[in-house]
Amino acid sequence: MSFNESIIYLAFICVFLTAPSSAQDISDTKKAVIIQEHTLDGMPDCNVDNLYYRTAYILCFNPERKVPNWTAYKVVADFRNTPKREGRLSRFRNDPDIDGEAKDADYKGYFNSRGYARGHYTPYGVLGGDRDHDGELPNLEASLSDPDDEKTVFEGNYMSNIAPQHHNGFNGSPGMWWKLERWLQDKIITADNETAHVIAGAIFGPGDVEKIGPNKDIHVPPMFYKIIVINKKANKPQRTLAFLFPHHRKAHQGIHNYLTSIDVVEAMTGIDFFKDTVVDEDIDTLETWQEHFQD
DNA sequence: CGGTGGCTGGGG
DNA sequence: CCCCAGCCACCG
């Protein structure tokens, strides 16, 4: 082997050994199943190196800012069967597929000093259910828990599904992020037995943002958005909603004030969320839905 | 990593 | 009043 051949050989070995850090170990078959589940006719724009496929959601991670660009997830009534958030199911976890992500400890101290909580994009409350259809559920009682569905809950608690969010007035009650989840999960999914597809994301814009953590490398999003498609059902048409939330802790005057259109979110992010015509973006949003948010 | 206890505000 | 959903901190 010549010197040059040795270099190429070593380079190949290095690439091979480091490849799993950016390429999740998952079969194309399983990818296709997850895409079918969590997207509507096409993946929202994302650098392919930053896409991660989880049972309960698809993640488009932002490695420079160490928070998600977006996550996309389906919500049905069964997915709300997440066990009570205690014990091993409550803990935030490192993402084994991502190097250099934010760690749980990196957020330590910011709750008291700045009011930042570790805010889920894909919510804990929709990580449950019998995802593998074997009749067993995740369960706080370990001996009763289905390991496969339990892993789905663990994945939702990966730090790659997390960004700093103001706890008071945004992430927690009575914040906008909290309020919208309560409305979707409790009213639309549970009470009305609808199904929905959601895309939750952050918008940074061109300016500087606050950075937290021991290395000051976790970027605090100045805005969040959430696009909700309530799926067509029997006699009801598909309905769409798009919210644009400034990330502040002021008391909000009803989340209906933050309704916008999918087109606006697409213009601000540069992301095409729905490639084809499955989502009728003309059905938007404010006039149809304002009445539901007179809170 | 798991267990335990505390906090805030919503809602019945 | 209680329980709930979001979280946090501390301890072993």
Side-chain angles (χ1 to χ4, degrees), chain A residues 56-57 67-68 71 73 75 77-96 101-129 137-145 147 150-192 196 198 200 202 212-214 218 220-221 224 226 228 243 245 247-258 292-295:
Chain A
Y57 64 102
V67 298
T71 74
Y73 54 96
V75 191
D78 183 47
F79 297 169
R80 299 219 54 215
N81 291 316
T82 323
K84 194 169 170 59
R85 195 173 163 195
E86 291 180 350
R88 70 193 188 287
L89 301 176
S90 73
R91 184 166 292 285
F92 293 102
R93 290 163 188 273
N94 296 336
D95 188 328
E101 62 159 346
K103 304 299 186 204
D104 182 60
D106 295 343
Y107 282 61
K108 187 175 167 56
Y110 284 93
F111 184 82
N112 290 330
S113 64
R114 303 301 306 270
Y116 290 137
R118 302 160 181 86
H120 283 85
Y121 281 48
T122 309
Y124 181 82
V126 301
L127 298 172
L137 291 169
N139 196 300
L140 187 56
E141 181 65 42
S143 63
L144 302 176
S145 193
E150 181 172 308
K151 188 190 177 196
T152 301
V153 178
F154 284 172
E155 288 175 344
N157 285 338
Y158 284 172
M159 286 302 293
S160 54
N161 184 38
I162 298 296
Q165 288 185 331
H166 291 299
H167 187 65
N168 295 325
F170 196 83
N171 171 278
S173 66
M176 295 183 283
W177 204 249
W178 180 88
K179 191 85 181 176
L180 184 52
E181 279 306 330
R182 293 274 60 73
W183 177 82
L184 179 69
Q185 292 177 31
D186 299 340
K187 181 176 191 313
I188 300 301
I189 302 300
T190 298
D192 295 349
V198 181
I212 69 167
I218 302 168
V220 180
F224 290 94
K226 195 165 271 187
I228 298 174
F243 290 87
F245 293 134
H247 183 206
H248 60 47
R249 59 186 306 168
K250 291 192 306 182
H252 65 86
Q253 302 300 317
I255 52 178
H256 61 281
N257 291 311
Y258 301 90
H292 293 278
F293 296 100
Q294 300 299 328
D295 39 358

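Everything numeric in this text was worked out from a predicted model, so none of it was measured. The figures that follow rest on heavy atoms only: side chains count, while hydrogens, waters and symmetry mates do not.
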Answer with base, sugar-phosphate or nothing: what part of the nucleic acid does [X] contact at a heavy-atom distance below 4.0 Å?
{"X": "Phe154(A)", "answer": "nothing"}
{"X": "Gly119(A)", "answer": "sugar-phosphate"}
{"X": "Gly115(A)", "answer": "nothing"}

Within 6.0 Å of NZ in Lys151(A), more than 12 heavy atoms from elsewhere: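 Not buried by this count: 12 neighbours or fewer within 6.0 Å.
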
Is the backbone of [Y] close enough, under 3.5 Å, to the side chain of [X] for a donor and an acceptor to pair up by distance?
{"X": "Tyr124(A)", "Y": "Gly156(A)", "answer": "no"}
{"X": "Arg118(A)", "Y": "Gln165(A)", "answer": "no"}
{"X": "Asn81(A)", "Y": "Asp78(A)", "answer": "yes"}
{"X": "Ser90(A)", "Y": "Gly87(A)", "answer": "yes"}

Interatomic distance, [X] [atom1] vs [N] [atom2] [rounded to whole Å]:
{"X": "Trp177(A)", "N": "dC7(C)", "atom1": "CH2", "atom2": "C1'", "result": "16 Å"}
{"X": "Leu89(A)", "N": "dG6(C)", "atom1": "CG", "atom2": "P", "result": "14 Å"}
{"X": "Tyr121(A)", "N": "dC7(C)", "atom1": "OH", "atom2": "C1'", "result": "17 Å"}
{"X": "Arg182(A)", "N": "dC3(C)", "atom1": "CZ", "atom2": "P", "result": "18 Å"}
{"X": "Tyr110(A)", "N": "dC7(C)", "atom1": "OH", "atom2": "P", "result": "19 Å"}
{"X": "Tyr107(A)", "N": "dC8(C)", "atom1": "OH", "atom2": "P", "result": "10 Å"}
{"X": "Asp186(A)", "N": "dC4(C)", "atom1": "CG", "atom2": "P", "result": "13 Å"}
{"X": "Met159(A)", "N": "dC8(C)", "atom1": "CE", "atom2": "C1'", "result": "13 Å"}

Asn157(A) versus His120(A), side-chain donor and acceptor atoms under 3.5 Å: yes

Ring centroid separation Tyr116(A) to His166(A) under 6.0 Å: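 Yes, ring centres under 6.0 Å apart.
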
Show the distances under 3.5 angstrom between N or O atoms of the protein and N or O atoms of nucleotides 10-12 of chain C.
unit_1, atom_1, unit_2, atom_2, d
dC10(C), OP2, Lys108(A), NZ, 3.1

Has [X] got a side-chain N or O lying under 4.0 Å from the OP1 or OP2 atom of [N]?
{"X": "Arg85(A)", "N": "dC7(C)", "result": "yes"}
{"X": "Asn171(A)", "N": "dC7(C)", "result": "yes"}
{"X": "Arg88(A)", "N": "dG3(B)", "result": "no"}
{"X": "His120(A)", "N": "dC7(C)", "result": "yes"}
{"X": "Gln165(A)", "N": "dC8(C)", "result": "no"}

First encountered from the 5' end of DNA chain B, between Phe92(A) and Glu86(A):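 The residue closer to the strand's 5' end, by nearest nucleotide, is Phe92(A).
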
Along DNA chain C (nearest heavy atom to each residue), the more 5'-positioned of Arg80(A) and Tyr116(A):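 Comparing both residues, the 5'-ward one is Arg80(A).
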
Sole candidate of Ile218(A), Asp95(A), Val67(A) that passes side chain to side chain contact (heavy atoms under 4.5 Å, CB included) when paired with Glu101(A): Asp95(A)

Considering only nitrogen or oxygen atoms on both sides, find all protein atoms under 3.5 Å from nucleotides 8-12 of chain B and state each distance.
unit_1, atom_1, unit_2, atom_2, d
dG9(B), O4', Ser173(A), OG, 3.3
dG9(B), N3, Ser173(A), OG, 3.3

Set of ring-ring contact (aromatic ring centres under 6.0 Å, His included) partners for Phe170(A), sequence neighbours left out: Trp177(A), Phe224(A), His247(A)

Intermediate values then yes/no, salt bridge (charged side-chain N to carboxylate O under 4.0 Å, His left out), Asp186(A) and Arg80(A): CA-CA 9 Å; Asp186(A) 299 340; Arg80(A) 299 219 54 215; 3.1 Å; yes

